[in-house]
Structures are given as C-alpha cells and as structure tokens.
Amino acid sequence: GHRSLSVCRGSRILYWLDMPRTPKKIAKLLGVSLSQVSVHVKTLLKDQAVKCLNPKAARNRFYARTKRGNEIVSYMKKEGRLDSQGNIIK
C-alpha cells in the first residue's frame, strides 16, 4: 500500500544520508521529486533520525543522519531488511 511505499522511500533517503547531502541531491540519486524527498526529510527530522547541518541557510540545506539514524540503518541491515541501495527487502 501507500504506507509501505512511503516507509520504503523514507528508509532509502535515510540510507543515502550517510554523508551530508541536500534534498535536491537525494532526489536526483533516487529519481524522485524534490517535494517527495522534502516530505520524508521533515518526518526524519521529527523522528530525530537526521539533522540539518546548516539550518540558517535559506537554500541548499545539508542533512545527515544522526546517531539514531545510523542505528536504524544498522539495525535494518543486520536484520537483512535493506539491500545495498537502501531498498527495503520484503
């Protein structure tokens, strides 16, 4: 359903924030719209899985995983739930 697609995309965004990246760069990497990435980044921020590295910037904000975000990705990899591209394995 819609929810699982949303979770999948959110996990891929989290996966690719292993280094500081802008939402625009993530959108390009994943082949999705910037607005879709922005929605997921907001959720990941709220969940404290990512942080903004330059919050005062009006544009080109860089985001990266927090310790919590790294733990989520590590857990999902360990459980065999993520492939090498950050996709959820059913």
Side-chain angles (χ1 to χ4, degrees):
H2 172 66
R3 175 82 180 126
S4 62
L5 183 72
S6 178
V7 167
C8 183
R9 190 159 296 133
S11 74
R12 286 183 71 202
I13 291 166
L14 187 58
Y15 179 87
W16 285 104
L17 285 172
D18 56 328
M19 58 188 288
R21 291 192 165 106
T22 63
K24 189 175 182 178
K25 178 70 175 173
I26 295 286
K28 197 174 268 188
L29 275 169
L30 299 183
V32 297
S33 75
L34 179 57
S35 63
Q36 287 176 315
V37 172
S38 296
V39 165
H40 289 290
V41 166
K42 280 188 181 120
T43 302
L44 292 167
L45 278 167
K46 204 164 47 181
D47 293 344
Q48 298 179 336
V50 302
K51 64 184 171 203
C52 182
L53 303 179
N54 56 338
K56 291 195 179 359
R59 300 165 66 92
N60 290 321
R61 286 191 181 145
F62 281 84
Y63 295 88
R65 288 196 304 235
T66 59
K67 184 172 182 270
R68 178 176 159 78
N70 286 330
E71 288 168 355
I72 293 166
V73 171
S74 293
Y75 173 78
M76 291 183 81
K77 279 184 183 172
K78 191 180 80 176
E79 293 292 309
R81 304 260 313 275
L82 286 179
D83 69 13
S84 64
Q85 295 295 304
N87 296 304
I88 289 183
I89 299 167
K90 300 282 183 252

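Note that the numbering runs from 1 along the sequence shown for the chain.
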Quick check on Glu71: does its CD atom have over 12 non-hydrogen neighbours (other residues, nucleotides or ligands) under 6.0 Å away?
yes

dist Thr43:OG1 -> Ile13:CD1 (nearest 0.5 Å) comes out at 9.0 Å

Here the pair of heavy atoms bringing Pro23 nearest to Ser38 is CB-OG, 4.5 Å

Would you check, one step at a time, whether the test side-chain contact (heavy atoms from CB on, under 4.5 Å) holds for Leu30 with Gln36?
CA-CA 11 Å; Leu30 299 183; Gln36 287 176 315; over 6 Å; no

Is the side chain of Thr66 donor-acceptor paired with the backbone N or O of Lys51 at a distance under 3.5 Å, no angle test?
no

Would you name the heavy atoms of Ala49 and Ile72 that are closest together and state the gap between them?
CB-CD1, 4.1 Å

What is the minimum heavy-atom distance between Leu17 and Tyr63, and which atoms define it?
CD2-O, 3.2 Å

Hey, could you give me the NE2/OG distance between His40 and Ser35, rounded to the nearest 0.5 Å?
9.5 Å

Would Val73 and Leu45 show up in the same hydrophobic cluster when neighbours are defined by side-chain heavy atoms closer than 4.5 Å?
yes

Closest approach of Tyr15 and Arg65, non-hydrogen atoms and distance?
O-NH1, 2.9 Å

Count I, L, V, M, F, W, Y as connected when their side-chain heavy atoms are under 4.5 Å apart, and connections chain through other members. Are Leu14 and Leu53 then in the same cluster?
no

What distance separates Lys24 NZ from Asn60 CG, expressed to the nearest 0.5 Å?
7.0 Å

Check the pair Trp16 / Lys25 against side-chain contact (heavy atoms from CB on, under 4.5 Å), numbers first and verdict last.
CA-CA 10 Å; Trp16 285 104; Lys25 178 70 175 173; over 6 Å; no

Who passes side chain to side chain contact (heavy atoms under 4.5 Å, CB included) against Asn54, sequence neighbours left out?
Cys52, Ala57, Arg61, Phe62

Can Leu29 be reached from Val39 by stepping across I, L, V, M, F, W or Y side chains whose heavy atoms are under 4.5 Å apart?
no

What are the two closest heavy atoms between Arg21 and Ile26, and how far apart are they?
CD-CD1, 3.8 Å

